[in-house]
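Here's the structure, in structure tokens; my notes come after.
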Protein chains: 2
Amino acid sequence: MRNAEFDKEKVLRSAMNAFMNKGFANTSMQDLKKATGLHPGSIYCAFENKRGLLLAALEQYRLDRQAEFERFFSASQRTTDNLKLYLDNVVTECISCDNTQACLLTKTLNEAAEQDIEIQQVISDNLSMLQQAFAEKFEQAKKEGDISAQKDSEHLARYFLMGMYGLRTFAQTHPEPRVLKQLAEQLYQDVLR
Amino acid sequence: MRNAEFDKEKVLRSAMNAFMNKGFANTSMQDLKKATGLHPGSIYCAFENKRGLLLAALEQYRLDRQAEFERFFSASQRTTDNLKLYLDNVVTECISCDNTQACLLTKTLNEAAEQDIEIQQVISDNLSMLQQAFAEKFEQAKKEGDISAQKDSEHLARYFLMGMYGLRTFAQTHPEPRVLKQLAEQLYQDVLR
DNA sequence: TCCTTTTTTGAATGTTCGTTCAAGATACTC
DNA sequence: GAGTATCTTGAACGAACATTCAAAAAAGGA
């Protein structure tokens, strides 16, 4: 017997970053070897192939994002405040250059969408879960009286998500903090109103 | 002497579609040969290499989009009506499955951003031009009294563009016409208000 | 009609890619 | 502490890729 030496979470986060930086197709096994510290053989032993590594990285990404989501929404009593904090964090992520400025889900969706139905489905499911999570928060905010009871939480969640997608794309060409903050602020206002 | 046989615009539009469908990295020269009808040698003769073809396709895309923009904004007297028509057209594009559902600019931006500064610059410039064009239309709508004079046209243009980016991304996972139309409608309302 | 010039053609090239595999290393079991 | 099962290693593999090139074709000028 012998157990695997590497830390699976660490490896997957490294792979995540590599894929986010260069995209799936442009990330070679050599890049992945450098990023993860794993030799090709080990990657194939643990994840079957490059695509398997992407799927595992997507799952890790989901877990990380879910944990982050819950962290944000246990911060304050007021759900709308937490929404604003979440949005501000997206802006901060967009601004910080060392980070990838992109979401692995949307980035991979753009790239592997037409060609790999299973990956498309995984991403689509992940995004739906996020949307559902936001819908619940909007519902909560309605109960707290910060959002009109007549509004449709599902619609608000979709619109909010759409705004964040757009914000991330916009930031890729114009990563000016002032502008991004202004856009996020307006998105927040429009959702609240 | 001998002139080139192929129709440059047709070839570039074919290449555009190929790149939009599969992305730059995943579109092989064989794919491009099939799409354009040009043999590898001819492509290299006319565009230097695959990257040169992408640059030429991006330029053709810009010209086509610019023409489309002007067509939309010469439709009616009221600028805000034309804005709505433009937005509805985006939704229609997103829904139609045969089309690529994506914008070559944002798709390529997502893919080749980190690795090719020149292409990033070209795309960034194109999107800035589009943003500027929208800003002028918002300025016009202010003069026509459909948008409050206190609003900042530049900001509105950015927000509108951001919304369209988001809409396109959203459509990739949930291409339901009803939902997309609802999102577009809200975006339009938020910009107008 | 013939010559020149340019384009078209598609096979050949060298490179890089994802993937495999056999040998060596390592930790657990008894 | 020996045996064994599993993981690690990195060189080797074929396939696919972008690119090149020399020969063939075709169009214009004389």
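Every chain is numbered from 1, with letters handed out A, B, ... down the list of sequences. Model, not experiment: these values are computed from the prediction.
- In terms of the ring pair (Phe, Tyr, Trp, His ring centres under 6.0 Å) criterion, Y159(A) has no residue partners (sequence neighbours excluded).
- Here the nucleotide nearest the side chain of P40(A), chosen from dG10(D), dA18(D), dT8(C), is dG10(D).
- The CD atom of Q120(B) sits 12.0 Å away from atom OG1 of T108(B), with the distance rounded to the nearest 0.5 Å.
- In this structure, the nucleotide among dT7(C), dT19(D), dG18(C) sitting nearest to the side chain of M29(B) is dT19(D).
- Rounded to whole Å, atom P of dG10(C) lies 6 Å from atom NZ of K33(B).
- Rounding to the nearest 0.5 Å places CE of M29(A) at 7.0 Å from CG of L53(A).
- When distances run from any side-chain atom of K50(B) to the nucleotides dT19(C), dT19(D), dT8(C), the shortest one goes to dT19(D).
- Counting heavy atoms from C-beta outward, E118(B) and L55(B) have side chains that approach closer than 4.5 Å.
- Distance K34(B) NZ to dG10(C) C1': 16 Å, rounded to the nearest Å.
- Backbone-only contact: S28(B) has heavy atoms under 4.0 Å from sugar-phosphate atoms and none from a base.
- In this structure, Q30(A) places its CD atom 9 Å from P of dG18(C), rounding to the nearest Å.
- Between Y44(A) and the phosphate of dT19(C), there is a side-chain N or O to OP1/OP2 separation shorter than 4.0 Å.
- In this structure, CD1 of I43(B) is placed 12 Å from C1' of dT8(C), rounded to the nearest angstrom.
- Closest to the side chain of C45(B), out of dG10(D), dT7(C), dT19(D), is dT7(C).
- Taking the side chain of H39(A) as heavy atoms from C-beta on, and the options dT19(C), dT9(D), dA18(D), the nearest nucleotide is dT9(D).
- If you measure from atom CG of D31(B) to atom C1' of dC17(D), you get 11 Å, rounded to the nearest angstrom.
- In summary, of the residues considered (E139(B), Q132(B), E136(B)), a side-chain hydrogen bond (donor to acceptor under 3.5 Å, both in side chains) with S153(B) occurs for E139(B) alone.
- Checking G41(A) against F24(A), the closest nucleotide of DNA chain C that is more toward the 5' end is the one next to F24(A).
- Following rounding to the nearest Å, F47(B) (CZ) and dT19(D) (P) show an atom-to-atom distance of 14 Å.
- Between A25(A) and G37(B), it is G37(B) whose nearest contact on DNA chain C lies nearer the 5' terminus.
- Note: CG (L38(B)) to C1' (dT6(C)) measures 15 Å, nearest angstrom.
- Taking atom CD on E48(A) and atom P on dG18(C), their separation rounds to 16 Å, with Å as the unit.
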